[in-house]
Protein chains: 2
Amino acid sequence: METRELRYFVAVAEELHFGRAARRLGIAQPPLSRAIQQLERRLGAELLERTSRSVTLTEPGAVLLREARAALDAVEAAERRTRRAAMPNQALVLVAKAGAAGELLAKLLDAYAAEPGAVEVDVQLCGIAEQERMLRDGRADVALLHRPFDSTVGLDTEELSTEGQIVVLPAGHPLTGSPGVRRADIAALPGLPLPRWPTADGTYPDGPGPEVRDHAQLMQLIALSRTVAIVPESARTQLRGDVVAVPLLDAPLVTTVIAWPPHSRSRALAGLVRAATRL
Amino acid sequence: METRELRYFVAVAEELHFGRAARRLGIAQPPLSRAIQQLERRLGAELLERTSRSVTLTEPGAVLLREARAALDAVEAAERRTRRAAMPNQALVLVAKAGAAGELLAKLLDAYAAEPGAVEVDVQLCGIAEQERMLRDGRADVALLHRPFDSTVGLDTEELSTEGQIVVLPAGHPLTGSPGVRRADIAALPGLPLPRWPTADGTYPDGPGPEVRDHAQLMQLIALSRTVAIVPESARTQLRGDVVAVPLLDAPLVTTVIAWPPHSRSRALAGLVRAATRL
DNA sequence: ACCGCCGATACCCGCGGGGTATTGCTGCCC
DNA sequence: GGGCAGCAATACCCCGCGGGTATCGGCGGT
């Protein structure tokens, strides 16, 4: 199988429409139809169910969609990493969630910079759920993730720290100064539903809370009394003046881990991981 | 990048000889030379250092070799898994080391078979260090691995059991019946060096011990007083009459884990993992 | 019943991947 | 030191295949 075929199939499987997929790929529709037919013949599997009005995935098609995405990511990663290896000054790309792990990240960068042979570290702050993809397709070398929120499937990790969580409320909320609340109390707060974060595919789950996509937006919405949030304790130092925090007693512990793609331990990456585990 | 280019590069990088690589690929040498040049141009990286007498990998070339193998495995896995998904009766392929994990495996198969909706399980016994590759390229769905011997990088795992280890000696050896020995005692045994197992690339490390590649061969060599072995306790029940075992007091604990490729939890696999964790 | 949408088919073209023949370089051996 | 052998690169040709346009066939909606 050639990557071209995989790209074609992924386009059709995502669009579920040959015409749109062809436009997205920058080719005409007929060659795309043929390519998919050829792929189906070679695999001996019907990948798509077509009527003249709709295209749907069969079960083998769903399997291939998942696998093809992973394979294309691996190919893309090979390309990117080779390009990077050929560059003269090879910075490590570290990706972290904007607004999270701030203090730990600063300490890590300091500790690593003090090591002999440390290379430049290029810190990329990105949205939720984008980190895993960046690691997988070679755009990033290493990430700071938070268990149990982020999936670490298929990545190598080292645990860095574990902490409790706090509830962030609008300033002046009745619970301000409370010695501690429970999850059930938060869920029952009148008019303050928990926010909805985008899932891996970029869509939002259903629910009453507002849709948020980054930390600043979340804080703004809290200050406006539109929502509340449960965040790791370490985020307390970064809170704005118009929100307050109270401890959450029965929150699951949050573990910050440093994660990197398997089989990719360059010297520089190994040094960074070593510095991280010594914090 | 197309998989064809990756296959070509891997062949040349492994053979370090354009002629042999071309023969292995079933094409002539000139198109292969051109394809590699084209790849180098597109990546903007010199991958191979050629003189008229030798070909060597550059550092970006070494990166690409590693990444290309992973990418090709992913593509191959996509193909195999799609084919399998299209077959009517989809057995789960479980791979275990021949001669290891025997009892646990039997219990696991029984427990899973008793579950509702259980599918057939195709047990493949293979040599050391081949299991990971079979999982990665889609020939197997799930494996029983032994930490810390097997690498579980890039795989999802669940721990099943932890046990100590024992030393297997020729029958009649002076240590027979000893209440327990230490690693230092074993290393110092006159004329009984520890065996050498093949590494991931199929070669053997240097050392005094005999080369072994499977369990039966190892037992035979022990019975012949050519070597000794350190194996998990559970292997005791499978020992032949002409060898004896004594406990090893300071051995690292061996953990048997069930492992599967990330993002590949079919219903059947999930059932098997569930049955395993309930053992 | 007709129109419009969409995937499949028919047919054509040009590029690029693959082949053979040859060159050019270099280490080795007599 | 000159000739030879081995190997990658170059030159040149060809055909298969990937891609394009035109068209068909089937089906749903109005």
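Small disclaimer: the values here were computed from a predicted structure and weren't measured. Protein chains get the first letters and strands the later ones, always in sequence-line order, with residue 1 at the start of each. We use all heavy atoms of the structure for the numbers below, so side chains are in, but hydrogens, waters and symmetry mates are not.
Put simply, the side chain of Gln29(A) and the base of dA8(C) share a donor and an acceptor less than 3.5 Å apart.
Gln38(A) places its CD atom 15 Å from the C1' atom of dT9(C), with the value rounded to the nearest Å. Across the protein-nucleic acid pair, Glu40(A) atom CD and dA8(C) atom C1' stand 12 Å apart, rounded to whole Å. The distance from atom CZ of Arg4(A) to atom C1' of dG17(C) is 13 Å, rounded to the nearest whole Å. Atoms CZ (Arg42(B)) and C1' (dG16(C)) sit 12 Å apart, rounded to a whole Å.
With salt bridges taken as basic N to acidic carboxylate O contacts below 4.0 Å, one links Glu14(B) and Arg69(B). Salt bridge status for Glu40(B) with Arg50(B): present, with a side-chain N to carboxylate O gap under 4.0 Å. Using a 4.0 Å cut-off between charged side-chain N and carboxylate O, Glu15(B) and Arg23(B) make no salt bridge.
Note that the first and last nucleotides of DNA chain D, 5' to 3', having any atom under 4.0 angstrom from a heavy atom of chain B are dG6(D) to dT10(D).
One finds no side-chain N or O of Arg34(A) lying less than 4.0 angstrom from the OP1 or OP2 phosphate oxygen of dT9(C).
Under the side chain to side chain donor-acceptor pair (under 3.5 Å) rule, Thr3(A) has a single partner from Arg4(B), Glu5(B), Glu2(B), which is Glu2(B).
Each of His17(B) and Gln37(B) has a nearest nucleotide on DNA chain D; the 5'-most of these lies closest to His17(B).
Separation of atoms CG (Leu65(B)) and CG (Leu48(B)) is listed at 9.5 Å; rounding is to 0.5 Å. Taken from CZ in Arg24(B) to CZ in Arg7(B), the straight-line distance is 12.0 Å, to the nearest 0.5 Å.
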